[in-house]
Amino acid sequence: MSEFPTRRMRRLRRDGMRDLVEETKVAANDLVAPLFVDATADEPREIPSMPGVYRYPVDDAVVRAGELRDLGVPAVILFGVPEEKNEQGTRAWAEDGVVQRATRRIKESVDDLLVITDLCMCEYTDHGHCGVLDDDGRVDNDATLAYLRNIAVSQAAAGADIVAPSGMMDGMVNAVRGSLDGNGYDSVGVLSYAVKYASGFYGPFRDAADSAPSFGHRRGYQMNPANSREASVEARLDADEGADALMVKPALPYLDVLRRVREEHDLPVFAYNVSGEYAMLRAADEKGWLDAEETALESLTCIKRAGADAIITYFAADLARRL
Ligand code: PBG
């Protein structure tokens with residue numbers, strides 16, 4: 001028998017009532033803003049495929065970080081565009097590397113802002129892969145771990161609060177945790193890009209960071225979008241290796257995976273609302289087909305509803321302003 005007309009769901013959707021019974025709320029302090037710091041730029045440069053997102057010289061990145069903090073965004077994640085790239089990605093762990101300089105300056109001059117550093121080699125290698133190559137031109141997993149250890153220590157020495165290994169190397173969390181602890185950085189956290197798919201939605205980011213692989217693809221180390229059980233294994237391995245928090249990336253097409261990781265772990269789960277997810281909404285907005293900020297807020301609400309504790313998003317500043 002139908003509960004109608006006794007049960008009328010619309011009573012819960014009246015003004016006032018709707019807000020009172022709202023299950024999921026997105027706040028500025030759930031958001032992490034990506035910041036691209038560019039050693040080759042002398043003024044902020046807008047990224048063509050990501051309207052409203054810029055590559056900043058170090059000085060401007062510091063100013064931008066302060067603005068984000070003032071808007072109530074609690075954390076930034078830094079990506080570097082180095083002055084030069086080479087086979088070994090040596091600028092990734094230089095004491096005066098662009099991310100190290102930006103981290104030092106932001107920690108010195110912006111109070112109460114967490115600095116997360118993306119820990120990967122693809123922005124620093126001339127071949128654009130996330131690790132060093134073996135003689136056959138494949139990414140050498142175990143050799144790469146030694147590099148990740150160095151990068152982690154250099155980022156921690158610059159003052160990073162959290163390092164975020166994103167290259168999908170097996171054993172990366174264990175390697176990074178070990179090198180941090182071995183060098184006196186046991187209070188620096190590890191946010192693992194534990195569940196990272198080989199996704200076409202990273203296209204605009206690769207423009208932004210000049211990090212598209214010069215040959216081949218990343219399918220040899222990033223996950224197959226068709227797989228969900230594999231995400232459970234990835235997340236478990238990284239949790240066991242000592243990750244402080246786990247990430248699922250991209251976010252919107254992978255909400256089922258996000259929910260799965262949420263249900264299987266008690267660690268904080270981050271979701272990365274990636275560059276392609278940003279670019280789609282901006283492009284449609286430019287055509288007048290939808291409202292970017294309205295759909296962005298809806299997207300982030302759904303990402304949080306699916307189980308994210310925190311969301312990395314290029315909409316952070318615009319939404320924090322609204323929230
Ligand atoms: C580096 C890295 C990538 C992104 C974050 N860290 C690119 C990639 O793996 O190709 C993508 C972020 C985005 O698209 O917003 N490994």
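Ligands are counted one by one from 1 in listed order, and the atoms in each one are counted from 1 as well.
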Begin from the C-alpha positions of Asp161 and Val188 and carry the test side-chain contact (heavy atoms from CB on, under 4.5 Å) through to its verdict. CA-CA 5 Å; Asp161 298 290; Val188 173; over 6 Å; no
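Smallest separation of non-hydrogen atoms from Thr313 and Asn273: OG1-OD1, 2.9 Å.
When only modelled atom types and interatomic distance are considered, Arg91 and Tyr124 share no side-chain donor-acceptor pair under 3.5 Å.
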May I have every N or O pair linking ligand 1 to the protein at under 3.5 Å, one per line with atom names and distance?
| residue | atom | partner | partner atom | Å |
| --- | --- | --- | --- | --- |
| ligand 1 | 6 (N) | Lys249 | NZ | 3.4 |
| ligand 1 | 9 (O) | Lys196 | NZ | 2.7 |
| ligand 1 | 9 (O) | Gln222 | NE2 | 2.9 |
| ligand 1 | 10 (O) | Arg206 | NE | 2.7 |
| ligand 1 | 10 (O) | Arg206 | NH2 | 2.7 |
| ligand 1 | 10 (O) | Arg218 | NE | 2.9 |
| ligand 1 | 10 (O) | Arg218 | NH2 | 3.4 |
| ligand 1 | 14 (O) | Ser275 | N | 3.3 |
| ligand 1 | 14 (O) | Ser275 | OG | 2.7 |
| ligand 1 | 15 (O) | Ser275 | N | 2.7 |
| ligand 1 | 15 (O) | Tyr314 | OH | 2.6 |
| ligand 1 | 16 (N) | Ser166 | OG | 3.4 |
| ligand 1 | 16 (N) | Lys196 | NZ | 3.0 |

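Looking at Cys130 and Met168, their side chains never come closer than 4.5 Å, going by heavy atoms from C-beta outward.
Paired with Val76 under the rule side chain to side chain contact (heavy atoms under 4.5 Å, CB included), one option of Ile312, Val32, Leu113 passes, and it is Leu113.
Under the ring pair (Phe, Tyr, Trp, His ring centres under 6.0 Å) criterion, the residue pairs touching residues 67-96 are Phe36-Phe79, Phe79-Phe205, Trp93-Tyr147, with sequence neighbours excluded.
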